[in-house]
Structure formats: C-alpha cells, structure tokens
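Right, one structure below, let's go through it.
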Amino acid sequence: HQSRYEVSCAFVQSSDFDGVLLCFQDVTQEKQVGQLRRDFVANVSHELRTPLTALMGFVETLQGPAKHDADARDRFLAIMASEAGRMNRLVGDLLSLSRVESEERMRPRTSVDIGGLLRSTMQNLASLAEDACVTMVCEISEAPVMIPADADQMIQVFSNLIENAVKYGGKGSTVTARLTEVERDPTLRQPVVRLDVQDTGAGIDPVHIPRLTERFYRIDSHRSREMGGTGLGLAIVKHIISRHRGRLKIDSQLGEGSTFSVVLPKG
Ligand code: ADP
C-alpha cells in the first residue's frame with residue numbers, strides 16, 4: 001500500500017530566521033476510507049442492477065411478444081418473483097449490516113442462553129436442511145449456557161453460518177453444531193463459549209479464507225447467486241461478533257469440509 005501525504009510549503013521570515021516550513025500530513029487513511037466507500041457503492045449498485053435488468057426485460061416481454069402467452073407468463077412471473085426476492089434479501093442484508101455497524105461500540109449487557117438460541121435456530125432450519133438432503137447434528141447440552149449477548153443478533157449469526165454450511169455442504173453432507181465451554185481462550189485470555197458449525201462439503205482453498213468476511217467477497221459468485229446468496233452473510237457475522245468482543249475462526253481444507261467457530265466471552 002502506498003502512503004499519501006498532503007504537503008504544504010510556506011516561507012518563514014523573522015528577524016533571526018529565514019527559511020521555509022514544510023508540513024507533511026499523512027492522509028493515507030482518509031484516502032483509503034474514501035476508496036472503500038466508493039467501491040462499496042459501486043458493488044451495491046452492480047448487485048442491484050443485475051436482478052433489476054432481468055425484471056425490466058421480463059416486464060417488456062410480457063407487455064409485448066408474450067402478451068397473450070399464458071404459459072410464458074407463468075414462467076416469467078416465477079423468475080420475476082425470484083429476482084425480486086433476491087433484491088429484497090440484498091436490501092434486508094444491507095440494512096442489517098448498517099444497523100450492526102452503527103451499534104458496534106455498544107456492547108450487549110443482557111444475559112441470554114445461547115445454547116437454547118442455537119437449538120431453536122437449528123429447529124427453524126430443519127426443513128431447509130431436509131429440502132437440501134443435508135443431515136443436521138446438534139451437539140448441545142440441555143443445560144442453559146448464559147452469556148451477555150443480543151439474542152436477535154446471535155440468531156442471525158447462527159442462521160447465517162448454518163445456512164452456509166447447508167448451502168455449501170451440498171447434497172448428502174452433514175452439518176454439525178457443537179457448543180463448548182472453554183476455561184481460557186488463548187487469544188481472548190478469558191473464559192469463553194465456543195460454537196462450531198462444521199460441514200462435510202468441498203472445503204475452502206486457504207487463499208480465500210482471510211477475505212471471506214469482506215462484503216461481497218465470494219469464491220464462486222455464480223454459485224453463490226444461484227443459491228440466493230447476497231455475499232453479505234459473513235460480513236454481518238463478523239460485525240456482530242466484534243460487537244460482542246468475540247472472534248471468528250475459519251478452519252478448512254479442500255476436500256475435507258469447513259468449520260466456522262465463533263468464540264464469545266462469558267462475561
Ligand atoms: P453468500 O451469500 O455468498 O453465501 P457469505 O458472506 O455468507 O455470502 O459467504 C461468502 C462466501 O464464503 C460464499 O460465497 C462462499 O464462497 C464462502 N463460504 C461461506 N461458507 C462456506 C462453507 N461452509 N463452505 C464453503 N464455502 C463457504
């Protein structure tokens with residue numbers, strides 16, 4: 001990365017001094033933030049434009065050539081509904097992301113049972129897994145595990161990770177959710193709760209792992225879009241975990257599946 005400076009130059013003259021004053025102001029960070037914002041707006045516009053272009057095309061066809069074709073109308077309306085659904089999910093995820101970011105500095109204080117939340121999230125996703133021919137295994141004890149957390153946001157984290165595991169695990173795979181209490185996390189240096197979501201899918205090439213939580217970063221954008229992904233799920237997960245002062249760990253090997261672990265402080 002290049003550093004950028006704003007430089008000003010002034011003559012300085014007084015009775016005992018005669019020279020120039022040079023000021024170097026480091027503006028690297030401001031420039032980077034500006035660039036990130038522009039990239040984000042360009043990405044969002046592109047993501048919205050794709051389904052919108054499809055919708056406009058079908059509207060035109062239905063107004064013109066396919067006006068009296070009942071079969072085509074049904075088929076096109078189904079595609080239009082799915083494209084509109086995609087736009088709706090994208091806008092929903094953008095709003096969640098901005099909400100999470102705006103309260104990232106306010107650490108949640110309410111005590112919630114994350115074991116219970118995880119169990120109920122898995123129940124809610126049981127039919128999704130069944131439709132995808134994926135087996136879900138829940139290794140969570142019945143005893144409540146209380147930590148300070150935002151319940152809705154925790155549900156969002158669990159849902160995003162489990163939905164991804166089901167989507168990218170694929171037909172015939174197994175998704176296991178495991179909750180472990182750890183005396184002392186080596187990085188956070190305190191007692192933590194650790195949630196692992198493990199899948200038996202194709203795994204992730206290590207070169208992609210550090211970038212997965214970037215907005216709109218996808219390994220295979222065609223596949224992600226086909227499965228209704230917005231490319232924002234893991235970015236939302238990262239911000240929620242950071243608000244909880246926790247950390248996200250991704251372990252994966254090609255051909256061996258992936259494990260996404262969420263580590264959250266107990267107090
Ligand atoms: P998307 O809407 O594309 O799923 P996410 O932010 O949730 O967006 O994930 C970003 C990318 O990370 C995905 O496009 C996919 O390439 C990769 N990914 C996420 N979870 C998994 C997983 N369990 N196995 C393999 N790849 C995954």
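Remember, it's 1-based here, ligands and their atoms both numbered in the order they're listed. This structure is a prediction, so every number in the text was calculated from the model and none was measured.
Of all protein heavy atoms, the one closest to atom 5 (P) of ligand 1 is Leu234 N, 3.7 Å. Nearest protein heavy-atom neighbour of atom 14 (O) of ligand 1: Tyr168 OH, 3.3 Å. For atom 3 (O) of ligand 1, the nearest non-hydrogen atom of the protein is Ser224 OG, 2.6 Å.
Under a 4.0 angstrom heavy-atom cut-off, Gly201 registers as lying outside contact with ligand 1. Heavy-atom separations between Arg223 and ligand 1 are all 4.0 Å or longer. Within the structure, ligand 1 lacks Asn160 among the residues with a heavy atom less than 4.0 angstrom away.
Under the 30°/60° scheme for interplanar angles, the aromatic rings of Phe24 and Tyr5 are found to stand perpendicular.
Looking at Glu104 and Arg245, no side-chain N of the basic residue comes within less than 4.0 Å of a carboxylate O on the acidic one, giving no salt bridge. In summary, Asp26 and Arg4 do not engage in a salt bridge, as defined by a charged side-chain N under 4.0 Å from a carboxylate O.
Taking all heavy atoms of Gly169, Gly233, Gly231 into account, the minimum distance to atom 2 (O) of ligand 1 is reached by Gly231. Among Asn164, Asp93, Leu90, the residue whose heavy atom lies closest to atom 19 (C) of ligand 1 is Asn164.
Shown are Arg247, His244, Lys249; of these, the side-chain contact (heavy atoms from CB on, under 4.5 Å) with Val263 is made only by Arg247.
Side-chain N/O atoms of Ser261 and Asp196 include a donor and acceptor closer than 3.5 Å. Counting only N and O atoms by type, the side chains of Gln153 and Arg243 include a donor and acceptor under 3.5 Å apart. Side-chain contact annotation: Thr230 with Asp93, donor-acceptor N/O pair under 3.5 Å present. Of the N and O atoms on the side chains of Gln156 and Ser96, at least one donor lies less than 3.5 Å from an acceptor on the other residue.
Atom CZ in Arg194 sits 9.0 Å away from atom CZ in Arg178 (nearest 0.5 Å).
Near Thr230, with a cut-off below 4.0 Å to any heavy atom, the atoms of ligand 1 are 2 (O). Atoms of ligand 1 found under 4.0 Å from any heavy atom of Ser258, numbered from 1 in the order shown, are 24 (N). If you number the atoms of ligand 1 from 1 as listed, the ones under 4.0 Å from a heavy atom of Arg218 come out as 3 (O), 14 (O).
Under 4.0 angstrom from ligand 1, there are no non-hydrogen atoms of His208. Counting heavy atoms under 4.0 Å from ligand 1, residue Phe260 touches it through the side chain alone. By the criterion of a heavy-atom distance under 4.0 Å, both the backbone and the side chain of Ile219 are placed next to ligand 1.
With hydrogens and angles disregarded, no donor-acceptor distance shorter than 3.5 Å links the side chain of Asp205 to the backbone of His208.
Considering both main-chain and side-chain atoms, Leu212 never comes within under 3.5 Å of ligand 1 through any nitrogen or oxygen pair. At under 3.5 Å, not a single nitrogen or oxygen of Tyr217, backbone or side chain, sits near a nitrogen or oxygen of ligand 1. Backbone and side-chain nitrogen or oxygen atoms of Ala235 are examined, and none is located within less than 3.5 angstrom of a nitrogen or oxygen of ligand 1. At under 3.5 Å, not a single nitrogen or oxygen of Ile204, backbone or side chain, sits near a nitrogen or oxygen of ligand 1. On a distance-only criterion, Asp199 and ligand 1 share at least one N/O pair closer than 3.5 Å. Residue contacts with ligand 1: Gly229 is placed with no nitrogen or oxygen under 3.5 Å of a nitrogen or oxygen of the ligand (distance criterion only).
Between Ala132 and Val166 the shortest heavy-atom distance is CB-CG1, 3.8 Å.
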For the pair Glu47 and Arg86, evaluate salt bridge (charged side-chain N to carboxylate O under 4.0 Å, His left out) and give the outcome as yes or no after the intermediate values. CA-CA 10 Å; Glu47 296 288 336; Arg86 173 196 305 284; over 6 Å; no

